[in-house]
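Comments concern the structure below.
These numbers come from a predicted model, not from an experiment. Here is how names work: the chains are called A, B, and so on, in the same order as the sequence lines, proteins then strands, and each is numbered from 1.
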There are 2 protein chains.
Amino acid sequence: MTESDTAPPTPPRRRRRKEARPGEIIDAGLAEFAENGFAATRLEDVARRAGIAKGTIYRYFASKEDLFEAALSSRLTPFFDDVTGMVDAFPGSTEDLVRAMLPRIYAALFEGGLHVMMRIIITEGGRFPAIAELYHRCVIARGREMISALVARGVRRGEVRESALTDLPMVIVAPAVMTIVWKMTFDRFDPVETERFLAAHVDLVLHGLLAKGPGPAVE
Amino acid sequence: MTESDTAPPTPPRRRRRKEARPGEIIDAGLAEFAENGFAATRLEDVARRAGIAKGTIYRYFASKEDLFEAALSSRLTPFFDDVTGMVDAFPGSTEDLVRAMLPRIYAALFEGGLHVMMRIIITEGGRFPAIAELYHRCVIARGREMISALVARGVRRGEVRESALTDLPMVIVAPAVMTIVWKMTFDRFDPVETERFLAAHVDLVLHGLLAKGPGPAVE
DNA sequence: CCTGTTAATGACTCGAAAGTCATTAACAGG
DNA sequence: CCTGTTAATGACTTTCGAGTCATTAACAGG
C-alpha cells in the first residue's frame with residue numbers, strides 16, 4: 001500500500017511475453033503428457049497449468065501433436081556427452097568406473113528430470129515412431145556407445161572377460177530401465193528404494209563383467 | 001457347388017453365439033488396447049476386429065473400462081504356478097536351473113502372448129491402479145517369490161554367494177523387462193534378436209550370482 | 001412351418017475435447 | 001498521451017467417439 005506508486009497495484013491479467021511462452025507451454029505439456037499420456041491429455045489442462053488460455057497454445061503450436069513433438073524434441077538433453085568423455089578419460093579401474101558411472105546415471109534419471117522423458121517414450125514411443133526414432137538416435141544409441149566403450153576399455157585392460165555381453169552391452173543398464181518401469185506402475189503400493197536397487201545393480205554388473213570379481217564393496 | 005445341399009450357400013449375416021462372444025471381444029480388445037493404449041482405442045475398431053457391431057459389445061460389457069478390466073483379468077495366467085514348483089523340485093545345480101528357467105520365461109513372454117499383457121500393464125498401469133495392483137499381486141509378487149526361492153536354494157546349496165542381490169532378486173529379471181520395453185519402442189528400426197539377448201542375460205546372471213562362476217556355455 | 005424370445009444391429013444422441021476467430025487490451029513508438 | 005500492432009483471450013464451431021435403443025432376424029420349441 002505504501003508503495004502503490006512505484007509498482008502497479010493490480011498487475012494486468014494478460015501479459016504479452018512472446019519469448020517466454022513456448023518454453024512455459026512445453027513445460028506444462030511435458031508434465032501433463034507424462035501424467036496422462038498423449039491421448040488422455042487435455043490442452044485445456046495444459047493451458048491452465050501454464051497459466052494461460054487454451055487459444056494461446058495455438059499461437060505457438062499448430063496442433064496437440066505438434067506440441068507433443070516439440071516438447072519431446074526440446075529435451076534431448078546432451079546428458080551423455082560428458083559421460084562418454086568420462087569413460088575415455090577415466091584413470092582408474094573398470095570397477096571404479098562402474099561404481100562411478102551407474103550412480104551418475106541413476107541421479108540423472110531420478111533426481112534430474114530424465115525419468116519424465118523416459119516415461120513418455122516408454123508409454124507413447126510405440127505410437128510415435130518419428131519420436132522414438134529421434135530419441136533412439138540421440139540418446140539410446142549414444143548410451144549404447146558409452147557402455148560399449150566401457151566394456152571395450154575393460155577388455156583392453158584385461159579386467160573384463162569376453163562374453164555374450166561384449167556385443168550386447170545394453171543388458172548392463174537393464175536394471176535401470178526396470179526401475180523406471182517399476183516406479184511407473186507398482187511404486188505406489190510396493191515402493192522401490194532406489195539406493196538399494198542401485199547397489200544390487202552395481203553388484204550384479206561387477207560380478208557379471210569382471211574376470212576376477214570385484215573387490216569388497218566400498219561403504 | 002456340388003455340395004450346396006448340405007451347407008447353406010449363404011450363411012446368415014448375423015449369428016447368435018452367446019457363449020463365444022465375450023471371449024472373442026476380449027481377444028479383439030486386448031489386441032487393440034496393446035496397440036493403441038486405452039484412451040486411443042475405439043470400440044468401433046474392437047467390434048470390427050471381432051467381426052461384430054459396436055452395440056454387441058454392450059450386451060456383454062457395461063463400458064469401455066469394464067471391457068478393459070475384464071480383458072486384463074481374464075489373462076492373469078497361472079504361468080508361474082508350475083515354474084515355482086519347478087524350482088523346488090529341480091534336481092540339478094543352480095546353473096542348470098537358471099539355464100532352464102530363463103529360456104522358459106522368454107518363451108512364455110515372446111512366443112506365448114504374455115508380452116501383450118506386459119505391454120498394456122507397462123503403458124496403462126500408472127493410470128489404472130486397481131489393475132496394476134491386481135497384476136502385481138497375481139504375477140509380479142509370485143514371480144519375485146520364485147526368483148527368491150531360486151536364490152535361496154542356491155545359497156543353501158553353497159552355489160550362490162550372498163550379496164545385495166539376495167534380497168532384491170527382481171534385478172535378475174530386469175533384462176527381460178528391458179527387452180519388452182525395447183520391442184515396444186525401438187524394435188522397428190533397431191530390432192532385438194531375442195536369442196542373443198537371452199544368451200547375454202543368462203551369461204550376466206550366472207556370473208553375477210554364482211560363487212565360483214559357471215561352467216563352459218552349453219551349445 | 002409358425003411363432004416367441006432375445007442376440008445382434010447400426011443409426012442415433014450426447015458430451016467432451018480439438019481447433020477457430022472476432023474481439024480485447026498490452027505494450028511500443030511517435 | 002495517443003495510436004497501431006499484435007499477443008492473448010474465451011466463446012464458438014466442429015469433430016469424434018462413448019454409450020443408447022428401437023428395430024431386425026436367428027434360432028428353439030411347439
Side-chain angles (χ1 to χ4, degrees), chain A residues 5-71 124 127-128, chain B residues 5-33 35-72 124 127-128:
Chain A
D5 51 341
T6 62
T10 314
R13 291 90 202 279
R14 297 183 180 186
R15 257 174 302 178
R16 301 171 63 128
R17 302 187 307 120
K18 192 180 163 141
E19 319 304 327
R21 291 293 188 225
E24 294 172 5
I25 295 170
I26 281 176
D27 287 345
L30 276 178
E32 291 287 328
F33 288 134
E35 222 167 82
N36 313 117
F38 177 80
T41 289
R42 287 178 291 268
L43 287 188
E44 191 90 37
D45 292 342
V46 174
R48 187 174 315 123
R49 191 187 276 251
I52 58 174
K54 187 173 67 159
T56 306
I57 295 176
Y58 287 90
R59 294 204 65 74
Y60 299 98
F61 304 96
S63 66
K64 185 180 178 183
E65 198 165 324
D66 189 51
L67 168 60
F68 185 67
E69 294 180 6
E124 304 292 338
R127 265 157 268 150
F128 292 89
Chain B
D5 50 342
T6 61
T10 314
R13 289 94 199 278
R14 296 185 183 186
R15 257 175 301 178
R16 301 171 64 126
R17 302 188 304 120
K18 192 181 164 136
E19 317 304 326
R21 291 291 187 228
E24 294 172 4
I25 295 170
I26 281 177
D27 287 346
L30 277 178
E32 291 288 328
F33 287 134
E35 223 166 81
N36 314 116
F38 177 80
T41 288
R42 287 179 292 266
L43 288 188
E44 192 91 37
D45 292 343
V46 174
R48 188 175 314 123
R49 192 188 275 253
I52 58 174
K54 186 172 68 159
T56 307
I57 294 176
Y58 287 90
R59 295 204 66 74
Y60 299 99
F61 303 96
S63 67
K64 186 181 178 183
E65 200 165 324
D66 189 52
L67 168 61
F68 185 67
E69 294 179 6
L72 291 187
E124 304 292 338
R127 265 158 267 148
F128 292 89

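The CZ atom of B/R59 sits 8.0 Å away from the NZ atom of B/K18 when rounded to the nearest 0.5 Å. Note that the CD atom of A/E32 and the CD atom of A/E35 stand 5.5 Å from one another [nearest 0.5 Å].
Scanning all heavy atoms of the two residues, the minimum distance from A/L67 to A/I57 falls at CD2-CG2, 4.5 Å. Nearest approach of A/R15 to A/R21, heavy atoms of both residues: O-NH2, 2.8 Å. The shortest heavy-atom contact between A/A70 and A/I26 is O-CD1, 4.2 Å.
The shortest distance between side-chain heavy atoms of B/R17 and B/E24 falls below 4.5 Å. No side-chain heavy atom of A/N36 sits less than 4.5 Å from a side-chain heavy atom of A/D45.
Atom NZ of A/K64 is separated from atom P of D/dT14 by 21 Å (rounded to the nearest Å). Here the P atom of nucleotide C/dC27 and the CD atom of A/E19 are 13 Å apart, to the nearest Å. For the pair B/F61 CZ and D/dT20 C1', the computed distance is 18 Å after rounding to whole Å. Distance A/F38 CZ to C/dA17 C1': 12 Å, rounded to the nearest Å. When the C1' atom of C/dA8 is taken as reference, atom CD1 of B/I25 falls 11 Å away, rounded to whole Å. As a whole-Å value, the separation of A/L43 CG from D/dT9 C1' is 16 Å.
Of the possible donor and acceptor atoms, one in the side chain of B/K64 sits under 3.5 Å from a partner among the backbone N and O of B/T41.
Residue B/S63 is the one, among B/R16 and B/S63, whose nearest nucleotide of DNA chain D lies closer to the 5' end (criterion: closest heavy atom). Nearer to the 5' terminus of DNA chain D, by closest-nucleotide assignment, is the contact made by B/A40 (compared with the other of B/A40 and B/R17).
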DNA chain D base-pair string [pairs: Watson-Crick or G-U under 3.5 Å; |: paired with another strand]: ||||||||||||||||||||||||||||||

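Between B/R21 and the phosphate of C/dA8, there is a side-chain N or O to OP1/OP2 separation shorter than 4.0 Å. When the side-chain nitrogen and oxygen atoms of A/R59 are compared with OP1 and OP2 of D/dA7, one or more of them lie within a distance under 4.0 Å. Proximity of A/Y60 to the phosphate of D/dA8: a side-chain N or O atom is located under 4.0 Å from OP1 or OP2.
Comparing D/dG19, D/dA18, C/dG19 by their nearest atom to the side chain of B/R42 picks out D/dA18.
Relative orientation of the B/F68 and B/F128 rings is tilted, given thresholds of 30° and 60° on the angle between their planes.
Taking every heavy atom of residues 45-58 of chain B and every atom of DNA chain C, pairs under 4.0 Å involve B/I52, B/A53, B/G55, B/T56, by number.
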